[in-house]
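Read the structure below first, then the notes.
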Amino acid sequence: MKAVLLFFALIFAPFSREGISLDGEWPAIMDQYDKGIDKKMFTDAKPAGKTSFVEFSYEGGLRLKVPGDWNHQDASLWWYEGTIWYSKHFMATKKAGRRTVLYFSGVSQRCEVYLNGEYVTEHEGAFTPFEADITEFIQEGDNFIAVRVDNKRSKEAIPAMSFDWWNYGGITRNVMLLDVPEVYVKDAFLRLDDHSHETIKVDIELSEKTEGVPVIVSLPELKVRKTLYTDSSGRVSGCIKARKLSLWSPETPVLYDITIEAGEDRVSERIGFRDITVEGTKIILNGKPFFFKGISFHEEIPMERRRACSPEDAHVLVDAAIGLGCNAIRLAHYPQNEYIVRYAEEKGLLIWEEIPLWQGIDFSNEETYRKAETYLNEMITRDKNRCSIGFWSISNETRPAPDRDAFLSQLLAYGRSLDHSRLFASAFDVAYYIPEVDEFRMEDAFAGELDVIGINKYMGWYASWPKPASELKWNVFMDKPLIISEFGCEAKAGVTGHSDVASSWSEDYQEALYRDNLTMFENIPNLAGVSPWILFDFLSPYRQHPVNQGWFNRKGLISDKGEKKKAWYVMNEYYKNN
């Protein structure tokens, strides 16, 4: 018997519902040759008598903290790519008229879930949540869960075989056991109306297709309480007047307490409202031009060489971006955990969030497209009520080709069918200086379909300067807002050297390169923002220089030891003046 996946269920889980945390230490077994199914590792097997035995045991062996990657928890797992089985006993009570849902915030990269020896569900995609109704599997009292986790890279996966960040494996985000009534709020989307800054649009769906159920939406601070009634499909759509509504912005990140009640179900949230559009070459936030003063970072605490997974970790990353002077962040290159997204929203950072379609994707593969659609769906479903998300990005550094163009065009149309209240973007590395016309140009038919164009351009690092930075002109999608979504170079903190010698790996070269790039950006007429690469040095198997890299990409403005490099001060001053 298989559980039914509830991809659209429990839209506010796990932050706004009652539940039991399953975080903590989980006994685990490495399964390098994938023999776990044959050996029935999904059971808590014990010898049946004097003449029987089992060839594995969760007791007395490896124990892994959840949430957390396995790589940093045991020296033997640092480079490990393969399968590990996690297990846990937990107590549960069966309740009449209630349903039990097992919720995973993120497992890297794919997994299968078993409960009390029975297959429950599976999921692929390290950076989005999934859940399953386990009411029919749960037992009164003691229960045993086993999760087969596999982080092996594959051609059909997203991301695929090669990517410039560490391939962390494990149950890297929180796990919860949630308790809901038979009829519950399955999906909800609250956002500002397209035509009024005093009206909230509401779309809510219940778990059952029942007509006439009252659904109450309340905003106590605004003294708003609206009752809507479901149609025959169990959905409600409507508008709520909120005449004293204050809009969220980086300067005033206003959030409101909101409750949704439907029968026995009640969810509570904090939601803000903002309006983001494009007018010509300008990004318009709440009716005013917005200049994207951003930075990228990975979901990683480099000082400890591990995945970021806690509220405290979110503060480290987000506060560092704020300290730089940012009003925006680009979550590279995947949906990061909700602690980061929610804390950034509280602190007033506009977010560019993307799925990990990062180079090397098999665009001719129908299964790969299905996975991309699922990824985009799961990202938007999780975060569509986060007003700080201003941009959905669907790819990074993909190259024009017929199959790629068709793939991304179809994916973009699908994304817009889910949410048209945000801007859609991608980042490209195909803008080049053309000597014959003495300017930068870009040929990419798909890019023209987007609202905002991101350009990754490493002048002075991967591309040499054809002339002084002040003389370089740009002619790239002049009718659209353009964000320099990546630029920079590597430098090892504390190293000094010639400011014109790239191989010095020096802070001096990085500082000079940043100044030259900022000078060049003054000649981009449609520039709508910049986002250097990257906030912190980060781990990557690509980076093999034994002296200057040591498996770290050293493009960070801050080192893996928390040291600010000279280029940090260049960007900090730039953001103060723009």
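For clarity, every value in this text was computed on a predicted model and none was experimentally measured.
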> So, for Asn286 and Ser249, which heavy atoms are closest and what is the spacing to 0.1 Å?
Replying inline: ND2-CB, 3.9 Å
> Given the side-chain rings of Phe163 and His333, with only the six-membered ring counted for Trp, is the space between their centroids under 6.0 Å?
Replying inline: no
> Does Val175 offer a backbone N or O that forms a donor-acceptor pair with the side chain of Asp23 under 3.5 Å?
Replying inline: yes
> What distance separates Ile171 CD1 from Asp69 CG, expressed to the nearest 0.5 Å?
Replying inline: 12.0 Å
> Who passes side-chain contact (heavy atoms from CB on, under 4.5 Å) against Lys371, sequence neighbours left out?
Replying inline: Glu124, Glu156, Ile158, Glu367
> Does any N or O in the side chain of Asn523 come within less than 3.5 Å of the main-chain N or O of Leu472, such that one atom is a donor and the other an acceptor?
Replying inline: yes
> Going by the side chain to side chain donor-acceptor pair (under 3.5 Å) test, which pairs reach into residues 439-461, not counting sequence neighbours?
Replying inline: Asn396-Asn456, Glu397-Asn456, Arg404-Asp444, Ser409-Glu449, Arg416-Asp451, Glu439-Arg441, Glu439-Asn475, Asn456-Ser485, Asn456-Glu486, Tyr458-Glu486
> Closest approach of Gln109 and Ala126, non-hydrogen atoms and distance?
Replying inline: OE1-CB, 3.5 Å
> Could you walk me through whether Gln336 and Tyr339 pass the side-chain hydrogen bond (donor to acceptor under 3.5 Å, both in side chains) check?
Replying inline: CA-CA 8 Å; Gln336 298 192 15; Tyr339 294 126; over 6 Å; no
> Can you name the closest pair of heavy atoms from Thr398 and Phe363 and give their distance?
Replying inline: CG2-CZ, 3.7 Å
Residues 271-285, side-chain donor-acceptor partners within the protein, below 3.5 Å, at least two apart:
| from | atom 1 | to | atom 2 | distance (Å) |
| --- | --- | --- | --- | --- |
| Arg274 | NE | Cys387 | O | 2.8 |
| Arg274 | NH2 | Ile389 | O | 3.0 |
| Asp275 | OD2 | His197 | NE2 | 3.2 |

> Can any side-chain N or O of Asn377 pair as donor or acceptor with the backbone N or O of Glu373 at less than 3.5 Å?
Replying inline: no
>> Set out, in order, the CA-CA distance, both residues' side-chain angles and the distance that settles side chain to side chain contact (heavy atoms under 4.5 Å, CB included) for Ser154 and Arg110, then state yes or no.
In response: CA-CA 11 Å; Ser154 70; Arg110 59 193 64 81; 4.0 Å; yes
> Going through the checks in order, is the side-chain hydrogen bond (donor to acceptor under 3.5 Å, both in side chains) test met by Thr83 and Asp34?
Replying inline: CA-CA 7 Å; Thr83 300; Asp34 282 316; 2.5 Å; yes
> Is there side-chain contact between Tyr514 and Pro532, with at least one heavy-atom pair below 4.5 Å?
Replying inline: yes
>> Going by side-chain contact (heavy atoms from CB on, under 4.5 Å), name the residues that satisfy it together with Ser421, two or more places apart in sequence or in a different chain.
In response: Phe189, Arg191, Asp419
>> Nearest 0.5 Å, please: how far is CH2 in Trp474 from CD1 in Ile524?
In response: 5.0 Å
>> I want to know whether Tyr334 and Tyr375 have ring centres closer than 6.0 Å.
In response: no
>> Let me confirm one number: the OG-CG distance from Ser237 to Asp231, rounded to the nearest 0.5 Å.
In response: 7.5 Å
>> Assess the residue pair Ile394 and Phe446 against the criterion (side chain to side chain contact (heavy atoms under 4.5 Å, CB included)); give the C-alpha distance rounded to whole Å, side-chain angles, the decisive distance to 0.1 Å, and a yes or no.
In response: CA-CA 12 Å; Ile394 64 172; Phe446 163 71; 3.6 Å; yes
> Is there a donor-acceptor pair under 3.5 Å between the side chain of Asn517 and the backbone N or O of Phe487?
Replying inline: no
>> Give me the atom names and distance for the closest heavy-atom approach of Pro335 to Ile355.
In response: CD-CA, 4.3 Å
>> With rounding to the nearest 0.5 angstrom, report the CD1 to CG distance, Ile340 to Leu349.
In response: 12.0 Å
> Applying the side-chain contact (heavy atoms from CB on, under 4.5 Å) test to Val107, which of Val66, Thr128, Asp150, Val149 qualifies?
Replying inline: Val149
> Can you tell me if His298 uses its side chain to pair, donor with acceptor, with the backbone of Ala332 under 3.5 Å?
Replying inline: yes
>> Given 3.5 Å as the limit, does a donor-acceptor pair link the side chain of Asp383 with the main chain of Arg386, or not?
In response: no
> Tell me the side chain to side chain donor-acceptor pair (under 3.5 Å) pairs involving residues 161-173, sequence neighbours left out?
Replying inline: Glu81-Asn167, Asp164-Ser540, Asp164-Arg543, Asp164-Asn553, Tyr168-Glu300, Arg173-Glu299
>> Strictly below 4.0 Å, N to O, side chains only: are Arg399 and Asp429 in salt-bridge contact?
In response: yes
>> Rounded to the nearest 0.5 Å, what separates atom OG1 in Thr230 from atom CD in Glu205?
In response: 11.0 Å
> Does the distance from a Lys or Arg side-chain N to an Asp or Glu carboxylate O, for Asp319 and Lys347, drop under 4.0 Å?
Replying inline: no
>> Hydrogens and angles aside, do Tyr414 and Gln410 bring a side-chain donor and acceptor to less than 3.5 Å of each other?
In response: no
>> Testing the basics here: between Pro129 and Tyr103, what is the closest heavy-atom pair and its distance to 0.1 Å?
In response: CB-OH, 3.3 Å
> Do any N or O atoms from the side chain of Tyr575 and from the backbone of Gly294 form a donor-acceptor pair under 3.5 angstrom?
Replying inline: yes
>> Applying the salt bridge (Lys or Arg N to Asp or Glu O under 4.0 Å) criterion to Asp187, which one of Arg235, Lys384, Arg382 satisfies it?
In response: Lys384
> Shortest non-hydrogen contact from Ser196 to Leu192?
Replying inline: O-CG, 3.8 Å
>> Between Met442 and Tyr432, is there a side-chain heavy-atom distance shorter than 4.5 Å?
In response: no
> Less than 6.0 Å separating the ring centroids of Phe130 and Phe104?
Replying inline: yes
> Mind checking what makes salt bridge (charged side-chain N to carboxylate O under 4.0 Å, His left out) contact with Asp405, not counting sequence neighbours?
Replying inline: none
> Can Arg270 and Glu346 be counted as an ion pair, charged N to O under 4.0 angstrom?
Replying inline: no
> Going through the distances and angles, do Leu190 and Ile240 end up as a side chain to side chain contact (heavy atoms under 4.5 Å, CB included)?
Replying inline: CA-CA 10 Å; Leu190 287 74; Ile240 299 175; 5.8 Å; no
> Okay, side chain of Asn526, backbone of Lys480: is any donor-acceptor separation there less than 3.5 Å?
Replying inline: yes
> Within a radius of less than 6.0 Å around NZ of Lys155, do more than 12 heavy atoms belonging to other residues, nucleotides or ligands occur?
Replying inline: no
>> Could you check whether Phe391 and Phe292 have their ring centres less than 6.0 Å apart?
In response: yes
>> For Arg17 and Val267: C-alpha separation, side-chain torsions, deciding distance, then whether side chain to side chain contact (heavy atoms under 4.5 Å, CB included) applies.
In response: CA-CA 6 Å; Arg17 293 184 179 276; Val267 292; 3.2 Å; yes
> So how far is it from Ser388 OG to Trp248 CH2, rounded to the nearest 0.5 Å?
Replying inline: 5.5 Å
> So Lys288 and Glu251, salt bridge (Lys or Arg N to Asp or Glu O under 4.0 Å) or not? Walk me through it.
Replying inline: CA-CA 12 Å; Lys288 299 177 181 179; Glu251 297 77 23; over 6 Å; no
> Given Phe407 and Tyr369, is the ring-ring contact (aromatic ring centres under 6.0 Å, His included) satisfied, shown in steps?
Replying inline: CA-CA 7 Å; Phe407 184 113; Tyr369 178 79; 5.1 Å; yes
> According to the interplanar angle, ranging from 0 to 90°, do the rings of His315 and Tyr343 count as parallel (below 30°), tilted (30 to 60°) or perpendicular (above 60°)?
Replying inline: parallel
